[in-house]
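Just so it is clear: chains get the letters A, B, ... in the order the sequence lines come, proteins before strands, and each one is counted from 1.
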Amino acid sequence: MIIFKGPDVEQKILEQKTVEQRSGEFEQRLEKLKGLRAAGVEPYPNDFKPGTTAGAVSGEFSSLSKEELAANPRTVSVAGRIMAHRDFGKASFVRIQDRSGSIQAYIKKDILGDAAFNVFRLCDVGDIIGVEGPLFRTRTDELTIEAKNLRLLSKGLSPLPEKWHGLKDVEARYRQRYLDLMVNPEVKDVFLKRSRIVRFIREFLVSRDYIEVETPMLHPIAGGAAAKPFKTRHNALDMDMYMRIAPELYLKRLIVAGLERVFEINRNFRNEGVSTQHNPEFTMLEFYEAYATFEDLINLTEEMISKLVLELCGSMKIAYQRTEIDFTPPWTRISVKDAILKYSNASGDIFTNKEKAMQFAQGLGLQIPKELSHGKVITEIFEKTAEHMFIQPTFCTHYPIEVSPLARKNAQNPEIVDRFELLVMGKEIANAFSELNDPVDQKERFLKQQEERAHGDLEAHEMDEDYVRALEYGMPPTAGQGIGIDRLVMLLTDSPSIRDVILFPALRR
RNA sequence: GAGGCGCUAGCUCAGUCGGUAGAGCAUCUGCCUUUUAAGCAGGUGGCCCCGGGUUCGAGUCCCGGGCGCCUCACCA
């Protein structure tokens with residue numbers, strides 16, 4: 001980190017020939033910086049306050065003609081980064097970009113005066129400037145600020161990526177996301193949409209009397225999901241801790257507490273592979289509602305997401321990687337069992353006979369260890385044969401109990417639970433169930449998970465005695481749901497990789 | 001973790017059979033007071049990702065390594 005304190009330091013940087021190879025342009029800009037200071041111009045002042053934004057100007061005055069602007073001048077001031085520069089010697093056009101968009105400014109020596117014009121001559125593409133002056137329209141009818149005043153607000157030393165091609169190198173785009181956002185407008189659009197998505201969900205739940213809470217990210221026990229945690233250490237407490245893999249068990253403690261409707265939008269951390277679908281830290285929405293069942297959440301989800309899609313995209317139909325997806329409710333509902341029967345030639349007895357299920361799974365080419373439970377075999381079969389078939393929004397319901405240790409048993413069939421996953425483009429977008437609130441049953445399920453850990457399943461849920469203790473005080477019948485925000489954003493922004501919707505995705509080094 | 005592809009100027013990219021490192025944009029100098037990737041003329045700029053090897057000679061061929069992307073496996 002280099003801190004600029006004044007000319008001495010700048011001279012030192014110029015003289016540095018070690019460590020980092022600087023471009024020639026970096027040195028040229030440093031020389032300009034020195035020239036500015038020599039002329040008594042502070043290159044990093046903080047006393048300029050823009051009166052408006054580029055976007056507001058173009059919006060507000062878009063209808064005014066050249067003649068109207070000339071007859072009745074409107075003076076504005078904006079600040080932003082110079083993104084383009086067309087120089088005519090004693091006059092120049094610059095494109096100034098701020099958070100709202102961009103606007104052109106005309107810098108004319110006669111109008112600006114010698115002193116400010118000399119400052120401008122030391123400005124480059126990438127510098128931040130403030131401009132004030134009346135609006136006019138050029139010969140080509142472009143709304144333009146005629147600079148009467150101009151201030152350099154921040155001198156840039158490193159040159160920007162090229163104006164026409166932008167920054168394409170994927171690695172540079174992720175590592176230097178600030179450049180990506182600066183020069184590639186469509187990237188900024190994705191993150192603006194991400195912000196709108198999160199805000200919509202937050203407002204939707206708040207309007208239904210939910211409260212937003214924050215529960216620990218550092219857990220003594222990594223519970224609430226089947227995943228490998230990151231391990232860390234608290235020095236003062238002298239104890240190992242885990243970055244949370246899910247907030248579920250804490251949120252349900254709050255249901256026990258009587259908060260009845262809670263949600264949290266926050267990061268989960270899973271120490272697993274990185275891919276176009278997986279980042280080690282990702283954002284999860286979880287919400288829990290007392291006196292609701294998983295079927296109530298099906299309705300809620302259908303309403304929330306379809307309204308979100310309509311508001312965000314202006315239509316219930318969107319394209320994801322050239323496939324049309326129609327979010328118009330109601331969405332298909334199908335049980336795991338029916339899905340397998342529909343999309344494979346399995347016979348009904350694989351659901352009652354584990355051996356038949358094993359045989360069938362092996363016939364599909366699945367490598368199934370002998371000790372795998374019947375329910376896990378069924379789940380494997382489902383994922384192999386059916387899951388990827390659900391391109392349009394589909395609720396897949398009633399998963400096997402062995403893969404759902406926190407979910408309530410189905411009243412008719414104790415082999416399955418009252419749970420659904422929302423699948424779109426063959427991928428899981430949401431996972432929800434009626435919560436298990438029977439403390440004795442919950443304890444047994446944890447014990448079963450412990451057995452599986454002992455048999456080498458490192459992702460089996462850990463026993464959480466305090467969570468069971470909470471249930472022993474009585475939890476109202478409740479339904480809860482998790483939605484992977486990153487994947488939802490991918491879907492709604494037509495992004496093929498999760499890295500495209502995470503500002504700073506995990507990279508090596 | 002396995003396989004495939006990539007890494008050359010600040011950015012986007014060429015680089016033939018192994019023979020002195022190229023273009024456009026940016027930058028610098030000059031001209032130009034309504035341009036739209038402004039224009040014209042002339043310049044500067046390189047650890048060809050790193051390290052070995054083969055060769056008279058390697059950006060190019062071989063081996064090892066780094067980083068990234070894609071596919072697969074695990075996972076949400």
Side-chain angles (χ1 to χ4, degrees), chain A residues 20-29 31-32 66 82-95 102 104-112 117 124-126 136-144 146-147 156-176 179-180 182-184 224-229 245-246 267-286 366-367 380 383 387 421-423 427-431 457-459 482-488 490 496-500 505-509:
Chain A
E20 216 174 304
Q21 283 284 327
R22 296 297 196 177
S23 71
E25 191 169 350
F26 182 90
E27 299 197 353
Q28 285 163 355
R29 288 178 176 225
E31 288 292 354
K32 289 178 181 176
K66 184 180 288 195
I82 301 176
M83 297 306 289
H85 180 200
R86 290 178 285 276
D87 182 26
F88 289 82
K90 294 185 185 64
S92 275
F93 289 94
V94 292
R95 179 141 293 277
S102 70
Q104 180 170 266
Y106 183 49
I107 317 294
K108 193 176 177 184
K109 193 179 182 190
D110 297 351
I111 296 171
L112 191 59
F117 194 76
D124 294 291
V125 169
F136 75 105
R137 284 191 186 274
T138 64
R139 280 176 197 160
T140 49
D141 214 36
E142 176 155 349
L143 192 63
T144 302
E146 186 183 76
L157 298 179
S158 294
L160 256 40
E162 200 215 3
K163 57 185 172 188
W164 189 245
H165 297 92
L167 184 66
K168 285 194 167 163
D169 180 71
V170 185
E171 187 170 356
R173 286 185 43 222
Y174 295 150
R175 289 193 194 277
Q176 295 185 279
L179 291 180
D180 193 25
M182 218 182 273
V183 304
N184 296 328
K228 298 192 195 85
I245 56 174
R267 226 65 67 77
N268 287 351
F269 304 86
R270 297 191 184 174
N271 206 342
E272 288 159 1
V274 175
S275 75
T276 52
Q277 310 290 320
H278 303 85
N279 197 60
E281 51 180 309
F282 61 101
T283 301
M284 182 75 115
L285 159 70
E286 285 202 14
L366 291 167
Q367 307 260 333
E380 294 272 343
E383 286 170 2
E387 193 175 43
E421 288 195 4
L422 170 61
L423 300 175
K427 308 251 166 59
E428 177 189 337
I429 295 297
N431 178 19
D457 182 356
L458 295 176
E459 297 194 351
I483 296 181
I485 295 295
D486 311 274
R487 289 192 178 170
L488 180 63
M490 283 171 70
S497 169
I498 198 168
R499 300 181 196 95
D500 297 326
L507 295 176
R508 212 176 284 269
R509 204 175 62 106

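When distances run from any side-chain atom of A/Pro159 to the nucleotides B/rG10, B/rU35, B/rU33, the shortest one goes to B/rG10. Taking the side chain of A/Glu25 as heavy atoms from C-beta on, and the options B/rG68, B/rU35, B/rA26, the nearest nucleotide is B/rA26. Checked against B/rU35, B/rU33, B/rG68, the side chain of A/Leu507 finds its nearest nucleotide in B/rG68.
A search for side chain to side chain donor-acceptor pair (under 3.5 Å) contacts involving A/Tyr174 returns A/Asp500, not counting sequence neighbours. Listed by chain and number, the residues in a salt bridge (charged side-chain N to carboxylate O under 4.0 Å, His left out) with A/Glu146 are A/Lys148 (sequence neighbours excluded). In this structure A/Glu142 satisfies the side chain to side chain donor-acceptor pair (under 3.5 Å) test together with A/Arg95, sequence neighbours excluded. Remark: A/Gln104 pairs with A/Arg86, A/Thr144 by the side chain to side chain donor-acceptor pair (under 3.5 Å) rule, at least two apart or across chains. A/Asp180 pairs by the side chain to side chain donor-acceptor pair (under 3.5 Å) definition with A/Arg173, A/Arg177, A/Asn184, not counting sequence neighbours. Residues satisfying the side chain to side chain contact (heavy atoms under 4.5 Å, CB included) test with A/Lys427, not counting sequence neighbours, are A/Gln277.
Residue contacts shown for A/Gly482 are absent, as no nucleic acid heavy atom lies under 4.0 Å away. Within the nucleic acid shown, A/Asp110 comes within 4.0 Å of at least one base atom, counting heavy atoms only. As judged by a 4.0 angstrom heavy-atom cut-off over every strand, A/Arg175 is placed among residues touching the sugar-phosphate backbone only. Contacts of A/Asn279 with the nucleic acid, taken as non-hydrogen atoms under 4.0 Å apart, include base atoms. Here A/Lys109 lies out of heavy-atom contact (under 4.0 Å) with every strand.
Rounded to whole angstrom, the span from the CD atom of A/Glu27 across to the P atom of B/rG10 amounts to 12 Å. B/rC11 atom C1' lies 15 Å from atom CG of A/Asp124, rounded to whole Å. Separating the CE atom of A/Met83 from the C1' atom of B/rA26 is a distance of 13 Å, rounded to the nearest angstrom. With rounding to whole Å, A/Lys90 atom NZ is found 17 Å from B/rU35 atom P. Summarising the geometry, the separation between CG on A/Asp141 and C1' on B/rU35 is reported as 14 Å, rounded to the nearest angstrom. Straight-line distance from the CD atom of A/Glu146 to the P atom of B/rU35: 15 Å, rounded to whole Å. Put simply, CZ on A/Arg173 is 16 Å from C1' on B/rG6, counting in whole angstrom units.
Listed for the A/Asn431 side chain is no donor-acceptor partner under 3.5 Å among the backbone atoms of A/Glu421.
Taking atom P on both B/rU20 and B/rC25, the two are 26 Å apart, rounded to the nearest angstrom. Straight-line distance between the C1' atoms of B/rC62 and B/rU44: roughly 37 Å, to the nearest whole Å. Straight-line distance between the C1' atoms of B/rA9 and B/rG46: roughly 6 Å, to the nearest whole Å. Separation of the C1' atoms belonging to B/rG22 and B/rG15 is 7 Å when rounded to the nearest angstrom. Taking atom P in both B/rU29 and B/rA14, the straight-line distance is 32 Å, to the nearest Å. Distance check on atom P: B/rU16 versus B/rC61 gives 9 Å, rounded to whole Å. The P atoms of B/rG42 and B/rA23 are separated by 13 Å, rounded to the nearest whole Å. The gap from the C1' atom of B/rU34 to that of B/rU8 amounts to 40 Å, rounded to the nearest Å.
Of the two residues contacting RNA chain B, namely A/Tyr106 and A/Leu167, the nearest-nucleotide position lying further toward the 5' end is that of A/Leu167.
Residues A/Ile245 and A/Pro229 have side chains in contact (heavy-atom distance under 4.5 Å, counting atoms from C-beta outward). Side-chain contact between A/Asp124 and A/His85 is absent, with no heavy-atom pair separated by less than 4.5 Å.
A sub-4.0 Å separation between OP1 or OP2 of B/rU34 and a side-chain N or O of A/Lys66 is absent. Within the structure, a side-chain polar atom (N or O) of A/Arg139 is placed less than 4.0 Å from OP1 or OP2 of B/rU35.
Closest non-hydrogen pair, A/Leu179 versus A/Leu167, comes out as CB-CD2, 3.8 Å.
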Check the interface with nucleotides 70-74 of chain B: list each N/O to N/O pair with the protein under 3.5 Å, or write none.
unit_1 : atom_1 : unit_2   : atom_2 : d
B/rC70 : OP2    : A/Arg499 : NH1    : 2.9

Can you give me the N/O atom pairs linking the protein to nucleotides 37-40 of chain B at distances under 3.5 Å, or say none if there are none?
unit_1 : atom_1 : unit_2   : atom_2 : d
B/rA37 : O3'    : A/Lys163 : NZ     : 3.3
B/rA38 : OP1    : A/Lys163 : NZ     : 2.5
B/rA38 : OP2    : A/Arg86  : NH1    : 2.3
B/rA38 : N6     : A/Asp87  : O      : 3.1

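Counting distance only, with no hydrogens placed and no angle test, the side-chain atoms of A/Gln104 and the base atoms of B/rU35 include a donor-acceptor pair under 3.5 Å.
Applying the salt bridge (Lys or Arg N to Asp or Glu O under 4.0 Å) test to pairs two or more places apart or on separate chains, those with a residue in residues 267-282 of chain A are A/Arg267-A/Glu281.
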